[in-house]
**Q** 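This is the structure I want to talk about, given as structure tokens.
Everything numeric in this text was worked out from a predicted model, so none of it was measured. Throughout, protein chains are lettered first and strands after them, A, B, ... in sequence-line order, and every chain is numbered starting at 1.
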Amino acid sequence: MLEKMKRTHQCGVLTRENLGQEITLMGWVQTRRDHGGLIFVDLRDRSGIVQVVFNPEYNREAFEAAKEIKNEYVIAVKGKVNERPKENVNPKIKTGEIEVYADRLEILNPSKTPPFPIEDDIRVDESLRLKYRYLDLRRPTMLRNIAFRHEVKKAIREFLDNNGFLEVETPMLTRSTPEGARDFLVPSRLNPGTFYALPQSPQLFKQILMVAGIEKYYQICRCFRDEDLRADRQPEFTQLDIEMSFVDVDDVIALNEKLVKHVVEKTLGISVEIPFKRMAYKDAMELYGTDKPDTRFGLEMVEVTDIALKSEFKVFSEAAKAGGKVKGINVKKAADLFSRRQIDELVEKAKEFGAKGLAWIVYSSEGIKSPIAKFFSEELLNELLKRMNAEPGDLLLFVADADPKLALTSLGQLRLHLGKQLNLIDEGALNFLWVVEFPLLEWDEEENRYVAMHHPFTSPMDEDLDFLETDPSRVRAKAYDLVLNGTEVGGGSIRIHRTDVQERMFKVLGFTKERAWENFGFLLKAFEYGTPPHGGIAYGLDRLVMLLLGLNSIRDCIAFPKTQNAACLMTEAPAPVEPKQLKELHIQINN
RNA sequence: GGCCCAGUAGUUCAGUCGGUUUAGAACGCCAGCCUGUCACGCUGGAGGUCGAGGGUUCGAGUCCCUUCUGGGUCGCCA
């Protein structure tokens, strides 16, 4: 009986330093190149790949055994590290200067032929990758993504630990609260007819931890929202959740800038300049048509409502008269880039984004080409061109809408579309931006009442507090979002810690005192016992990792993500359960 | 819930105007040969519910309807 083999080295880290050493490797067979009288095997483990040579003149037994192995077999190889002859060096792999002469081979486990090749840059349907996720994760890129995610979390914990934060866990089985996203519900066996909800975030618990005197809390925590999926949205996702006592907006922002700087520098080795730029919500909407502007390129929107009002173009003047907005974008030097047909495509795009239409002016060297020019006097047209900072060669695009927000958001989306289409985006950039001074409240047409834009515990700005009842929509919140390259990666606020303000807030939201206590009583009760001023932030960790890695989908940095139907193709969850289980839960399925 | 894209061999795809025989190619797989490959090479071979159901037609991978799955997006996501 041969003695049991013990792994001594990793494949991918072997170098000339190891020449002459007797080593034992364990890993997966990447490829076997069988020359009849000589067999090469690329052996792969987490660290990388190394070439193993099976030569009957070196060891016949190992050579014979190597005839049996196939791709993805798990094997153990004992052998000697040798220098490759100069002409056989492979510069494409890190271990290309050496190879391992095998004198013993053991097959630890065979493998079926994988349904797709285990290598990078494969073009294979994502659903197949998800079904065989364990094979997909063997691919170097995926392994790198998972490892990078680990590094991000490590850097976060390192920074927060150094700054006096305690990681505290909060319940996954909690109660459903109104407002916000749809909850995932868990039926209670012991309490028939009642349900837990999985947390949308640890929001209320972290505030209670502030009442509890924790002062500095964080948690890397799974959160759940039963809403439709997107490339950057999963029903279960990971938050970095932070809360601090005795702080105001600037304290939270300053700490988080240092945190982000630390994380990016530790993981990517890229230096990050702080403080980040700050932009008021109002400016973000006016200039970019979104509360998460991508500032990696220009094409800012220009206000032309006042000029539009004076024109004979009814679409413009009537939108302006109705209290709406007319906004324009100057696509510099694009007059020749867009044919009439391509401009029509832009019009269609704008409509997809909700605009009623898209007006355009081609300012070429031969003059103005535009279906709307005839509605403008020469003087007014010149005023418009001047406002738009237009020069010959520019393409001007305008959206008008009686609903000012729709004018902003539709043109804002068109701006993003143009940025991508014209390749204006510097993919290597990391543009961090704080969006601040969010409105506290938003009018909800469906519910016919104001709803909290952030959540009902967000503090109004002190200078706006007086308008809470008289002019709710003008009240700004002590809320802030961290935006990276046009994606919201974090958001938070200073919370209300005064009972009277909280009661006024609930009142504006249309909650009776009874209903507020019914839903949030545990929090309101806690607030009666000495609540420190506090505030915090929550990051979408998956998104942050996605953006730092330059991925297109959050799924590529989550080990086991779900599909657009919120299904796991590997486990085939969700799935029916036994009638007995339902009975125990007092649940009846209604078809 | 709306809109858009895709679905043909294990994989990635081609398949013209609805009709040329048994639906092709590459890679992978299987067998044989091969001592310096690393996208090894050479020879041969197997492999198909054209996502599913219905319809139009003398005839459907191809046209129509429904549906399922995957992806993108709007709504939604405090």
**Q** Quick one: the side chain of A/R233 and the base of B/C77, do they pair up donor-acceptor inside 3.5 Å?
**A** yes
**Q** Donor-acceptor pair under 3.5 Å: do we get one between A/R230's side chain and the base of B/G75?
**A** yes
**Q** Check this for me: does the side-chain of A/D228 come within 3.5 Å of the base of B/G75 through a donor and an acceptor?
**A** yes
**Q** Can you tell me how far C1' in B/A46 sits from the matching atom in B/C29, rounded to whole Å?
**A** 9 Å
**Q** Between A/R182 and A/N552, who's closer to the 5' end of RNA chain B by nearest nucleotide?
**A** A/N552
**Q** Among B/G71, B/G36, B/C74, which is the nearest nucleotide to the side chain of A/N88?
**A** B/G36
**Q** Can you figure out which of B/G71, B/U12, B/C40 approaches the side chain of A/R123 most closely?
**A** B/U12
**Q** Round to a whole Å and report the spacing from CZ of A/R129 to P of B/U11.
**A** 15 Å
**Q** Measure the spacing between NZ of A/K327 and CG of A/L414 and express it to the nearest 0.5 Å.
**A** 14.5 Å
**Q** In the 5'-to-3' direction, what one-character label does each nucleotide of nucleotides 45-53 of chain B receive under the scheme B = base within less than 4.0 Å of a protein heavy atom, S = sugar-phosphate only, - = no such atom?
**A** ---------
**Q** Side chain of A/K92 only, please: which of B/U12, B/A39, B/G71 is the nearest?
**A** B/A39
**Q** Side-chain N or O of A/K131 versus OP1/OP2 of B/U69: is the shortest distance under 4.0 Å?
**A** no
**Q** Whether A/T113 contacts B/C29 is assessed here as follows: a side-chain N or O lying under 4.0 Å from the phosphate OP1 or OP2. Is that the case?
**A** no
**Q** Tell me which one of A/F40, A/F54, A/Y58 satisfies ring-ring contact (aromatic ring centres under 6.0 Å, His included) with A/Y101.
**A** A/Y58
**Q** Which value, rounded to the nearest 0.5 Å, describes the distance between A/K351 atom NZ and A/L346 atom CG?
**A** 12.5 Å
**Q** Select one nucleotide: of B/C74, B/C38, B/C76, the one nearest the side-chain heavy atoms of A/D42.
**A** B/C38
**Q** Which nucleotide in the list B/G36, B/C76, B/C34 gets nearest to the side chain of A/E99?
**A** B/G36
**Q** Check the phosphate of B/C77 against A/Q200, side-chain N and O only, distance under 4.0 Å to OP1 or OP2. Yes or no?
**A** no
**Q** Considering just the side-chain nitrogens and oxygens of A/Q413, establish if one lies under 4.0 Å of OP1 or OP2 belonging to B/C74.
**A** yes
**Q** Other residues, nucleotides and ligands only: do more than 12 of their heavy atoms fall within 6.0 Å of NZ on A/K562?
**A** yes
**Q** Do A/S47 and A/D45 have side-chain atoms, one donor and one acceptor, less than 3.5 Å apart?
**A** yes
**Q** Rounding to the closest angstrom, what is the interatomic distance between B/C4 and B/C65 at atom P?
**A** 12 Å
**Q** Which nucleotide wins on minimum distance to the side chain of A/R84, given the candidates B/U35, B/U37, B/C30?
**A** B/U37
**Q** OP1 or OP2 of B/C30 sitting under 4.0 Å from any side-chain N/O of A/K70?
**A** yes
**Q** Looking at OG of A/S127 and OH of A/Y132, how far apart are the two atoms once the value is rounded to the nearest 0.5 Å?
**A** 11.0 Å
**Q** Say we look at B/A23 and B/U67: how far apart would their C1' atoms be, to the nearest angstrom?
**A** 25 Å
**Q** Looking only at atom C1', what distance separates B/C50 and B/U12, rounded to whole Å?
**A** 16 Å
**Q** Do A/E437 and A/K282 pass the salt bridge (Lys or Arg N to Asp or Glu O under 4.0 Å) test, and can you show the C-alpha distance, the side-chain angles, and the key distance before you say yes or no?
**A** CA-CA 8 Å; A/E437 296 176 27; A/K282 189 168 178 294; over 6 Å; no
**Q** Quick check for you: to the nearest 0.5 Å, what is the distance between A/L416 atom CG and A/Y288 atom OH?
**A** 11.0 Å
**Q** Scan A/E87 against the nucleic acid and name what it touches under 4.0 Å (heavy atoms): base, sugar-phosphate only, or nothing.
**A** nothing
**Q** Given that A/R225 and A/Q564 both sit by RNA chain B, which one's nearest nucleotide is further toward the 5' end?
**A** A/Q564
**Q** When the C1' atoms of B/G19 and B/A60 are considered, how many whole Å apart are they?
**A** 10 Å
**Q** Base of B/U73, side chain of A/E352 - is there a donor-acceptor contact under 3.5 Å?
**A** no
**Q** Would you name the heavy atoms of A/I496 and A/H534 that are closest together and state the gap between them?
**A** O-CE1, 4.5 Å
**Q** Measure from the side-chain heavy atoms of A/R555 and tell me the nearest of B/G28, B/G71, B/U37.
**A** B/G71
**Q** Looking at B/C40 and A/H35: do their rings stack (centroid distance under 5.5 Å, interplanar angle under 30°)?
**A** yes
**Q** Between B/U62 and B/U8, how many Å separate the two P atoms, rounded to a whole number?
**A** 13 Å
